[in-house]
Protein chains: 2
Amino acid sequence: MKDNTMIIDRDSPIPQYFQLQSWLIEQIEQGLFKPHDKIPTEEEITRRTGLARATIRQAIQNLVNMGYLYRKRRLGTFVLSQSAEPGRSAVVGVLVHDIRSGYAPEFLRGVGDEAARHSYSIILCNTDDLFIRADFHANQLIKHGVTGLIFMPTAAAPEKNLQLIEKFQHKNIPVVLADREIPGHSHDMVTTDNFDGAHALTSHLIGKGHRHIAITLSTLFSSERARLAGYQQALQDHGIDPEPALQFTIGERFIEKHYQHYVRLILAEREKFTAIIAGNDPIAYLLYNAAIELGIAIPDELSLAGYDDLTFSNAHPMELTTVHQPIYEMGQESMKLLLHRIQGGTGAVQSIILKSHLVERRSVRLVVQDSPR
Amino acid sequence: MKDNTMIIDRDSPIPQYFQLQSWLIEQIEQGLFKPHDKIPTEEEITRRTGLARATIRQAIQNLVNMGYLYRKRRLGTFVLSQSAEPGRSAVVGVLVHDIRSGYAPEFLRGVGDEAARHSYSIILCNTDDLFIRADFHANQLIKHGVTGLIFMPTAAAPEKNLQLIEKFQHKNIPVVLADREIPGHSHDMVTTDNFDGAHALTSHLIGKGHRHIAITLSTLFSSERARLAGYQQALQDHGIDPEPALQFTIGERFIEKHYQHYVRLILAEREKFTAIIAGNDPIAYLLYNAAIELGIAIPDELSLAGYDDLTFSNAHPMELTTVHQPIYEMGQESMKLLLHRIQGGTGAVQSIILKSHLVERRSVRLVVQDSPR
DNA sequence: ATTGTATATTTGTCTATACAAATATACAAT
DNA sequence: ATTGTATATTTGTATAGACAAATATACAAT
């Protein structure tokens with residue numbers, strides 16, 4: 001017999017079935033009733049509260065519908081085991097640009113494994129970095145009653161991305177950003193130290209004697225902009241003036257066919273630099289392939305470095321020096337932070353920054369040091 | 001006023017609220033009540049059926065809980081608009097081995113795009129080809145109330161895979177197999193013409209003058225066993241005796257580190273063959289890398305062919321001759337067939353076999369024809 | 001046409017009662 | 001220990017009735 005008194009206020013404007021319902025939920029959520037514990041019978045509750053049986057049944061049926069309780073003839077009414085927040089499924093949504101591209105599979109694997117550890121499932125949504133697709137999926141996810149969201153911001157303007165986040169926050173569904181931040185906005189986020197990673201990579205190239213180091217990437221997202229900034233800072237830290245002419249950047253979405261053309265334009269200017277950093281590994285491979293076709297030997301005539309260390313990097317015959325991103329861990333940590341919020345975790349906005357590390361392979365060679373200009 | 005008579009059989013063992021409930025569902029699903037149509041009031045239903053008001057309310061409340069109806073004080077009870085099968089979410093589960101591996105991302109992209117076209121969402125589950133993981137996810141999916149399942153059978157015994165399928169069938173949740181069949185069992189399935197693809201590839205190599213053609217793959221799954229059979233048949237069709245000594249197969253799960261070792265053992269016997277077919281592209285790349293390390297020139301000293309034509313195949317400097325699998329389409333067709341079943345489609349088990357085609361690149365060279373033995 | 005007030009309508013809440021269904025539990029027989 | 005039978009227990013179904021709540025609708029006044 002539980003100690004806590006079942007109090008039903010007959011003068012309250014709150015319906016009496018609802019008061020009973022609420023009391024029962026509170027007992028369950030405070031752990032006074034544990035999974036498979038039997039709650040008092042209808043008759044017992046009538047005796048303790050004076051409520052009519054039908055009123056009691058209405059409260060209990062609602063809790064059955066909500067997933068808190070199950071009932072057995074002759075035996076009684078029992079608490080269902082709770083694997084997640086009642087009233088909501090143990091399902092979270094994940095919005096990524098494209099499941100096929102670069103680091104997305106590894107990231108999702110990290111999310112999925114951590115989710116499974118906590119008996120959660122993930123709904124996969126591809127946005128193609130387009131707001132209209134992301135918005136469509138967001139509406140679907142809310143309709144499905146997801147419990148949380150992991151979101152890689154799209155290529156849309158910050159206000160658009162924020163608009164999407166607010167849809168979830170309005171329903172008290174927590175959101176965690178992954179990889180990319182939204183400029184001028186502070187939000188729960190997991191990313192990696194792109195600035196430091198690029199700084200270390202650039203410093204490494206400088207340590208190999210390179211002074212004229214080019215870089216190519218898209219400045220569309222925060223992660224790659226931070227890589228550019230890290231590159232620039234490393235040059236400055238070594239007394240080298242960062243030259244705009246060696247910074248080949250685009251401000252639009254990465255589209256492979258376009259970049260295949262762009263890397264040829266870049267390599268046409270290769271006498272200006274002895275080494276080049278690609279903003280991510282897919283770009284590095286495009287550069288490599290174009291170099292081979294143009295008869296440029298890597299690393300003998302041009303050193304090449306990438307960023308990300310994607311799984312297929314080590315299956316490539318050209319062993320690419322790159323920065324290893326903890327992509328799996330980024331997925332994992334995103335899910336952990338989201339679970340923390342789902343389970344009621346309050347507190348300051350968290351910005352988790354995971355460490356990258358340099359992976360030296362064979363795409364960079366030592367050159368005779370030439371003096372900084 | 002609707003024509004159809006509300007009949008409640010007072011002698012039926014079926015509860016009367018349930019009979020009314022069923023009648024209302026039928027009216028809605030047959031389109032006699034459309035979204036936002038008003039159904040008869042409680043009083044009107046009492047007049048037409050003689051049922052007590054509380055019994056009527058029980059039926060109607062259940063339909064409200066199931067998402068068929070909504071109620072407004074003073075106005076009445078109305079039909080909710082339907083975006084998916086009522087009582088179940090517009091969500092399906094997809095069980096794949098590993099989101100990171102080979103063709104899984106492309107496949108899932110096909111599934112996801114087709115799902116989105118029909119306002120469905122997909123729950124992603126990684127099984128690692130292990131039954132215990134698949135079973136865990138299956139239980140989760142059923143708990144979430146998924147409407148259907150796309151399943152790549154695991155490496156477990158056929159009975160185990162069937163056991164998992166029966167869980168869903170028991171709940172009338174349709175299941176479609178993808179890529180791999182379950183031996184001795186007939187089920188809705190989408191796969192590709194692995195036999196014909198391998199037959200064409202082997203014939204192509206024979207057309208290039210090769211007679212001693214090796215092959216390496218895992219015989220664990222139906223798709224790769226069919227490739228082996230297609231290879232053997234092509235040799236026979238050309239009057240070449242398939243030699244067991246040129247067939248390097250394993251009967252266990254593909255684990256990259258193990259295969260890295262295995263390809264070296266294979267290449268140690270390379271004087272026995274002038275060409276080798278890898279059962280899938282990742283194996284082809286392992287072969288290529290090992291060949292480079294052993295100083296074996298591809299295709300000058302050894303011709304190499306793959307299977308699958310994964311997205312990164314065309315980013316590779318070694319332009320691999322391979323068989324292009326319609327992986328995206330396989331995902332798409334799996335989802336289409338599942339939707340067909342979800343929407344009530346009956347009829348014979350469907351086995352959809354999509355066409356592959358040979359993609360000639362530069363990894364295969366012409367050799368002087370030597371006579372069959 | 002707009003605003004204010006009253007009323008009718010239908011759902012929502014709550015009480016009371018009776019019988020049925022499923023089955024755990026108790027007890028007897030072997 | 002096992003099997004068979006009866007009974008007690010609690011939920012499930014169904015009936016009847018009364019009052020409350022929310023608000024669309026009707027009507028009057030300006």
Side-chain angles (χ1 to χ4, degrees), chain A residues 1-2 6-25 27-28 33 36-80, chain B residues 1-2 6-25 27-28 33 36-80:
Chain A
M1 195 49 57
K2 309 297 176 186
M6 261 185 226
I7 296 181
I8 302 296
D9 180 358
R10 300 277 175 153
D11 295 319
S12 173
I14 297 172
Q16 288 164 41
Y17 76 87
F18 194 87
Q19 290 180 50
L20 174 60
Q21 194 172 308
S22 300
W23 183 87
L24 286 167
I25 289 174
Q27 299 302 105
I28 294 167
F33 286 136
H36 305 297
D37 273 3
K38 181 175 183 299
I39 71 163
T41 62
E42 297 175 358
E43 199 173 301
E44 175 67 23
I45 296 173
T46 290
R47 262 211 332 286
R48 287 165 62 172
T49 62
L51 292 180
R53 187 183 167 208
T55 304
I56 292 160
R57 293 181 59 78
Q58 187 171 354
I60 292 176
Q61 187 58 46
N62 285 340
L63 293 190
V64 169
N65 292 340
M66 285 158 75
Y68 282 101
L69 303 177
Y70 64 96
R71 316 197 73 180
K72 292 200 173 196
R73 254 178 181 151
R74 211 220 94 100
L75 293 194
T77 300
F78 302 85
V79 178
L80 251 187
Chain B
M1 196 48 57
K2 308 299 176 187
M6 261 186 230
I7 297 181
I8 305 295
D9 179 359
R10 300 279 176 151
D11 296 319
S12 172
I14 297 173
Q16 290 165 39
Y17 77 87
F18 193 86
Q19 292 180 48
L20 174 60
Q21 195 172 307
S22 301
W23 183 85
L24 286 167
I25 288 174
Q27 298 302 105
I28 294 168
F33 285 135
H36 306 298
D37 274 4
K38 183 176 182 297
I39 72 163
T41 63
E42 296 173 358
E43 201 173 297
E44 173 68 23
I45 296 173
T46 290
R47 259 201 351 273
R48 287 163 63 173
T49 62
L51 294 180
R53 184 181 168 209
T55 305
I56 291 161
R57 293 183 59 78
Q58 187 171 354
I60 291 177
Q61 186 57 45
N62 285 340
L63 292 189
V64 168
N65 293 340
M66 285 159 73
Y68 282 100
L69 303 175
Y70 64 94
R71 319 197 72 178
K72 291 200 176 199
R73 255 176 180 155
R74 215 222 90 103
L75 292 195
T77 301
F78 302 85
V79 178
L80 249 187

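On a predicted model such as this, the values are computed, not experimentally measured, just so you know. A, B, ... follow the sequence lines: proteins, then strands. Residue 1 opens every chain.
- When side chains are defined from C-beta on, Met66(B) counts as touching Gln21(B), because their heavy atoms get closer than 4.5 Å.
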Reading DNA chain C 5' to 3', how would its secondary structure be written in dot-bracket notation, given Watson-Crick and G-U pairs with both distances under 3.5 Å, brackets [ ] for crossing pairs and | for partners on other strands?
||||||||||||||||||||||||||||||
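- Atom OG in Ser22(B) sits 9.0 Å away from atom CD1 in Ile8(B) (nearest 0.5 Å).
- Ile28(B) contributes atom CD1, which lies 4.5 Å from atom CG of Leu69(B) (distance to the nearest 0.5 angstrom).
- Close approach of DNA chain C to chain B, defined as any atom under 4.0 Å from a non-hydrogen atom of the protein, starts and stops at dA8(C) to dT13(C).
- Under the side-chain hydrogen bond (donor to acceptor under 3.5 Å, both in side chains) criterion, Arg74(B) pairs with no residue at all, not counting sequence neighbours.
- Phe78(B) pairs with exactly one of Tyr68(B), Tyr70(B), Phe33(B) by the ring-ring contact (aromatic ring centres under 6.0 Å, His included) rule, that one being Tyr70(B).
- Every residue two or more places apart in sequence or in another chain that forms a side-chain hydrogen bond (donor to acceptor under 3.5 Å, both in side chains) with Gln61(A) is listed here: Asn65(A).
- For the pair Ile60(B) and Arg71(B), the minimum side-chain heavy-atom distance is below 4.5 Å.
- With sequence neighbours left out, Arg53(A) forms a side chain to side chain contact (heavy atoms under 4.5 Å, CB included) with Glu42(A), Arg57(A).
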Could you list all N or O pairs between the protein and nucleotides 14-18 of chain D that sit under 3.5 Å apart?
{"from": "dA14(D)", "atom 1": "OP1", "to": "Gln16(B)", "atom 2": "N", "distance (Å)": "2.4"}
{"from": "dA14(D)", "atom 1": "OP2", "to": "Gln16(B)", "atom 2": "N", "distance (Å)": "3.3"}
{"from": "dA14(D)", "atom 1": "OP2", "to": "Tyr17(B)", "atom 2": "N", "distance (Å)": "3.1"}
{"from": "dT15(D)", "atom 1": "OP1", "to": "Arg10(B)", "atom 2": "NH1", "distance (Å)": "2.9"}
{"from": "dT15(D)", "atom 1": "OP2", "to": "Ala52(B)", "atom 2": "N", "distance (Å)": "2.9"}
{"from": "dT15(D)", "atom 1": "OP2", "to": "Thr55(B)", "atom 2": "OG1", "distance (Å)": "2.6"}
{"from": "dA18(D)", "atom 1": "N6", "to": "Arg53(B)", "atom 2": "NH1", "distance (Å)": "3.3"}

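- Inter-residue side-chain proximity for Gln19(A) and Asp9(A) is flagged as met; some heavy-atom pair is nearer than 4.5 Å.
- OP1 or OP2 of dT11(D) has at least one side-chain nitrogen or oxygen of Arg71(A) nearer than 4.0 Å.
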